[in-house]
Amino acid sequence: MEYNFREIEKKWQARWAAEKTFEVREDPSKPKYYVLDMFPYPSGAGLHVGHPLGYIASDIYSRYKRLCGFNVLHPMGYDAFGLPAEQYAIQTGQHPAVTTAKNIARYREQLDRLGFSYDWSREVRTCDPAYYKWTQWAFLKMFASWYDNDAQKARPISELEQIFSEKGSAGANAACGEEMNFSAEEWNAMNDKEKADVLMNFRIAYQGVTSVNWCPGLGTVLANDEVKEGYSVRGGFPVEQKKMTQWQLRVSAYAGRLLDDLEELDWSDSLKDMQRNWIGRSQGAEMIFKAYNGDKEYDMKIFTTRADTVFGVTFMVLAPESDWVEKLTSADQKKVVDEYLAYAKKKTERERIAETRKVTGVFSGSYAINPLTGEKVPVWISEYVLAGYGTGAIMAVPAHDSRDYAFAKTFGLPIIPLIEGCDVSESSFDAKEGIMCNSGFLNGMTVKEAIPAAIDYVEAHGIGHRKINYRLRDAIFSRQRYWGEPFPIYFKDGIATPMAEDSLPLELPEVDKFLPTESGEPPLGRAAGWNVDGYPIEKSTMPGFAGSSAYYLRYMDPHNDKALVSREADEYWRNVDLYIGGTEHATGHLIYSRFWNKFLYDLGYVCEKEPFRKLINQGMIQGRSNFVYRIVNTNTFVSYGLKDSYETTEIHVDVNIVHNDRLDMDAFRKWMPDFADAEFILENGEYICGYGIEKMSKSMYNVVNPDMVCDTYGADTLRLYEMFLGPLEQSKPWDTKGIDGVHRFLKRVWRMFYDKDGLIVTDEAPSPQELKTLHKLIAKIKEDIEAFSFNTAVSAFMIAVNELYEQKCNKRAVLEPLVILLSPFAPHISEELWAALGHSGSISFAAFPEYVAEYTVESACTYAVSFNGKTRFTLELPKAMPKDEVERNVLENPLSAKYIADGKVVKVIVVPGKIVNIVVK
RNA sequence: GCGGAUGUGGUGAAAUGGUAGACACGCCACUUUGAGGGGGUGGUGGGCGUAAGCCUGUGCGAGUUCGACUCUCGCCAUCCGCACCA
């Protein structure tokens, strides 16, 4: 009997679906394990071979965990709101809901073919009102909360109102936008609108004016992680800075916890570093400099990490967008300053990046007083200072900061060195080392001593205080687009008012066109009746990350219409044990989700403070493009090895008509009309194509569709091959070479069970040789799966099967455990063989085979081994050996062997004529 | 500039500090079947040699060690992230 993967795979996929094999429910008698894939955005192009890499890995792990007795939650769904569907809708007029549904159906078909063990009864779609009800619900909770910096948690906004009415703003240490000072009396005297405006400054979801990334090409604002090098990540349109009123989430309030809690996560160092970088903690001091603009004095606040250098301040710098600019521009400098502001404003983000290091700036006309020296220094305005970080103003120490140095050199400002022996004639001395000089009471200290000493002084004299600054900004939460969650907020007499929770979901209305209105309002401005009792509803929608921030919670209890997740389900499933997905979400989704989870945790809706315990970033699968070489001005193509003798043009050729770099010439002639009468110059009767590694994309003709691979080789082969390709976390090109090897392996497995007449499995007792092979494999597979080293696991299978095949092993006692081991990797063939062995239930519920230590050696013996007359090592052999045997082994008989003693693996290595060593694990 | 990762045959890659290159692709030879991208056996880092064998070899240079692809330091190269963050 032949290995007929087509029939086998169809049969078992149908069986799994019919028997709902992978549906799970909470079961306190079993330990839980939650394995999650980052759910895909269903694009119109369908899946290519790169997408399933992570899904295969997570499926292997899920199946493995099931074999180990865990109750495994392994769900899947779709991140279905997003720009591409809307852009497509604008072009074609098709409703995004229609195209999205179509794309989802296509994705599902493709996913099903790969034999994943998802519990589809838990599927979620972010664009489904029953789902986004809970996205809106969470938003309302954030709207109705404030962040208590003392308690380090979110609390209901009603409690803050209470505090204000009793103690005024001094009663709470609340995270806020702009600092406010008012008494209880002042608060109580405010009208509703005034109170609402004040509260808005404290809400976790709030509306405020901020400098945003405005993308004219998409007609919407974007979050920082949606912009790369001045262009939008989606679509690649230029992005500019603009001040606008937008909904925002106070993510910055959670910066400290987001940073600290990284410690306990089992994530890669590089990913944790990316997040640390993004959060950007820096420790320093906030200091006050008195500043005069000629007739008025202000307290100007700056942030510095180098308080020790305050004696070297020779000027101050303001960001052009800073509020201080207006206050500190003197009458006679107003014209120059205005010109500079206009110049700075005109520049796009991209131009600023391109012109990095170009020094520009103007004098404001004001002076500030150094609070330590009493010296008067000029206040300048320059774009090298960022408005969004710190206070938007700095003290400049040109001797010890390279940016200040460049500025001072350009504008001829003084430079005072503060560290003994440093040379600042050519460049600044930025290192935090050396002995202080020219620095009053700090003289003689090292820099490391001087920093805290300076801050102590500043605090003692009321000039400033210690401060930790974060780079993490609040997330801009509104988009001027159609295809997203509507905000359940309406404006009653100008006051943002939440809709009642029981009125949710607020469904996305129909519109005639998916474009902004004539007056420039977002598309929802076109919706008829978009109001509550005549009060207008918010017209922006939520961004993509809204729906993906808590989806892992919804999977725990997807059909609950009373809560995001019930307490019971949450307490059983808790959080994701293993999360697999791409690095591209490092500073977006993975920050927002952690924030969202922490917020819900603060309010007591979830029981874990982190959503994803262990995270693995699978590498990207790149495309491997093939080329043919057309001789210029002809329709003749020359094979790769001969192309240098001709003048040729390189042309991409569809990789699907190339096999192992050999071109299918007939298929090529049919591929495009232009090539119908193509002639070929061959090497050894074949046309060899050139190749290159590029991104997998339609235009390079290098997209490999998993359906194609399933048709030719089967899903099991595809699964094994993707794992065999190399380490999971590494990026690698898709190369069809080698897939035959994996397919051959499966056929060989099949032939161990079947010859041409039928099943050949016997009940004979296995030989020690066969058992050794099997037990080695069991140990190796367990170890490799737990280490996510799937490529070496596949190799281990090949080695074991080669050994068993050579021994013509067809014994049940060996083959049965073998097929269980294989089942996470190649589930279809495993089910088929499992059934052939006479089992009626699914192999998914078999038990992972146990390692049997047949070869355990009882006791260990110790030998001293000498080398060149000196005793070098103590050799512990796992079993007693005569002395001469040891010596013979050491000196004559090179060998390397593994023993098992007391459950430990002991490896003995003997190098010819030299030395013996022993490693105990 | 800062941070992280990686560097091993023609290719994808293996190697708890212990015989480097397992396993697979490709290639070569032989073999089997009535051909259909079939099955099997053997070979395959480089150099020298008919051969047994010898020399050499994990980006470069030092170091630790009886022993280094592996650990330490310094370079070089590639990839990824961040980037005027005071």
Side-chain angles (χ1 to χ4, degrees), chain A residues 2 228-229 268-278 280-282 284 302-306 309 317 319 352-353 355-359 382-386 388-397 400-404 406-407 430 469-473 583-584 586-587 617 619-620 659-662 664 691 712 721 724-727 729-745 747-748 751 783 789 791-802 805-806 865 867-868 870 872-873 894-896 905 907-912 914-921:
Chain A
E2 283 296 301
K228 225 171 204 181
E229 288 167 10
S268 72
D269 286 340
S270 68
L271 191 69
K272 284 188 187 179
D273 268 343
M274 269 192 232
Q275 290 215 341
R276 286 194 192 106
N277 224 313
W278 192 259
R281 179 185 199 269
S282 52
I302 59 100
F303 174 77
T304 180
T305 54
R306 293 293 302 273
T309 61
V317 189
R352 278 207 191 186
I353 289 165
E355 292 172 16
T356 315
R357 310 280 169 205
K358 184 178 158 194
V359 182
S382 172
E383 58 181 343
Y384 88 87
V385 173
L386 304 175
Y389 183 75
T391 62
I394 63 154
M395 63 177 213
V397 186
H400 302 289
D401 183 288
S402 54
R403 296 153 301 179
D404 298 345
F407 196 80
D430 291 12
N469 233 327
Y470 294 99
R471 234 163 76 192
L472 186 70
R473 317 281 172 84
T583 354
E584 66 271 22
T587 52
N617 290 121
M620 272 228 292
H659 189 76
N660 287 348
D661 288 340
R662 277 131 182 92
D664 180 338
Y691 69 91
T712 335
Y721 186 56
F724 184 67
L725 221 43
E729 308 199 49
Q730 187 176 304
S731 285
K732 55 232 156 187
W734 175 263
D735 187 349
T736 326
K737 268 186 194 170
I739 197 165
D740 293 306
V742 171
H743 191 59
R744 247 171 243 158
F745 160 75
K747 286 200 281 196
R748 186 171 269 207
R751 286 203 306 274
E783 192 186 313
S789 178
N791 55 327
T792 52
V794 176
S795 293
F797 276 119
M798 291 181 176
I799 294 167
V801 165
N802 285 350
Y805 194 78
E806 218 167 280
V865 176
F867 175 61
N868 290 348
K870 273 194 274 180
R872 296 283 197 183
F873 297 105
L895 64 90
S896 171
V905 179
K907 193 173 182 185
V908 182
I909 295 98
V910 183
V911 179
K914 282 188 179 171
I915 239 45
V916 180
N917 196 6
I918 186 99
V919 187
V920 180
K921 206 178 190 175

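In what follows, chains are A, B, ... by sequence order, proteins preceding strands, each numbered from 1. Quick caveat: nothing in here was measured; it's all calculated off a predicted structure.
Residues A:Thr583 and A:Met620 form no side-chain contact, since every pair of their non-hydrogen atoms from C-beta on lies 4.5 Å or further apart. Looking only at side-chain heavy atoms (C-beta outward), A:Met395 and A:Thr309 come within less than 4.5 Å of each other. A:Val742 is listed as a side-chain neighbour of A:Met798, based on a closest heavy-atom distance under 4.5 Å. Looking at A:Asp401 and A:Arg306, their side chains never come closer than 4.5 Å, going by heavy atoms from C-beta outward. In this structure, the side chains of A:Asp404 and A:Ile394 come closer than 4.5 Å at one or more pairs of heavy atoms.
Looking at residues two or more places apart in sequence or on another chain, you find no ring-ring contact (aromatic ring centres under 6.0 Å, His included) involving A:Phe745. A search for ring-ring contact (aromatic ring centres under 6.0 Å, His included) contacts involving A:Phe724 returns nothing, not counting sequence neighbours. The salt bridge (Lys or Arg N to Asp or Glu O under 4.0 Å) test applied to A:Arg744 returns no partner, not counting sequence neighbours. Taking the ring-ring contact (aromatic ring centres under 6.0 Å, His included) definition, one finds that A:Trp734 meets it with A:Tyr721, sequence neighbours left out.
Across all strands shown, nothing is found opposite B:U64 as a Watson-Crick or G-U wobble partner with both distances under 3.5 Å. Base pairing annotation: B:G81 forms a Watson-Crick or G-U wobble pair with B:C2, both donor-acceptor distances under 3.5 Å.
At the phosphate of B:C80, neither OP1 nor OP2 sits under 4.0 Å from any side-chain N or O atom of A:Asn617. For A:Asn791, a side-chain nitrogen or oxygen approaches OP1 or OP2 of B:A14 to under 4.0 Å. Proximity of A:Tyr389 to the phosphate of B:A86: a side-chain N or O atom is located under 4.0 Å from OP1 or OP2. In this model, the phosphate group of B:A86 is approached by a side-chain N or O of A:Ser282 to a distance below 4.0 Å at OP1 or OP2.
As rounded to whole Å, 11 Å separates atom P of B:A86 from atom CD1 of A:Ile394. Look at CG on A:Asp273: it is 8 Å from P on B:A5, rounded to the nearest Å. A:Arg306 has its CZ atom 11 Å from the P atom of B:A86, to the nearest Å. Remark: P of B:C84 and CZ of A:Phe407 are 17 Å apart, rounded to the nearest angstrom.
Distance noted for atom C1' between B:C23 and B:C55: 28 Å (whole Å). Taking the P atoms as reference points, B:A86 lies 47 Å from B:G67, given to the whole Å. Taking the C1' atoms as reference points, B:C84 lies 27 Å from B:U78, given to the whole Å.
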Between N or O atoms, less than 3.5 Å apart, protein on one side and nucleotides 8-12 of chain B on the other: list the pairs.
residue: B:G12; atom: O2'; partner: A:Leu725; partner atom: O; Å: 2.5

Taking only N/O atoms, report every protein-nucleotides 36-41 of chain B pair under 3.5 Å with atom names and distance.
residue: B:G37; atom: N1; partner: A:Tyr713; partner atom: OH; Å: 3.4
residue: B:G37; atom: N2; partner: A:Tyr713; partner atom: OH; Å: 2.3
residue: B:G37; atom: N2; partner: A:Asp740; partner atom: OD1; Å: 2.5
residue: B:G39; atom: O3'; partner: A:Arg751; partner atom: NH2; Å: 3.1
residue: B:G40; atom: OP1; partner: A:Arg748; partner atom: NE; Å: 3.3
residue: B:G40; atom: OP1; partner: A:Arg748; partner atom: NH2; Å: 2.7
residue: B:G40; atom: OP1; partner: A:Arg751; partner atom: NH2; Å: 2.9

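Comment: A:Asp273 engages A:Arg276 in a salt bridge, judged by a side-chain N to carboxylate O separation of less than 4.0 angstrom.
When the nearest nucleotides of RNA chain B are assigned to A:Thr792 and A:Asn802 by heavy-atom distance, the more 5′-ward of the two goes with A:Thr792. Both A:Ile799 and A:Pro727 lie near RNA chain B, and the one whose nearest nucleotide falls closer to the 5' end is A:Pro727.
No engagement by A:Asp269 is indicated, since no non-hydrogen atom pair under 4.0 Å with the nucleic acid exists.
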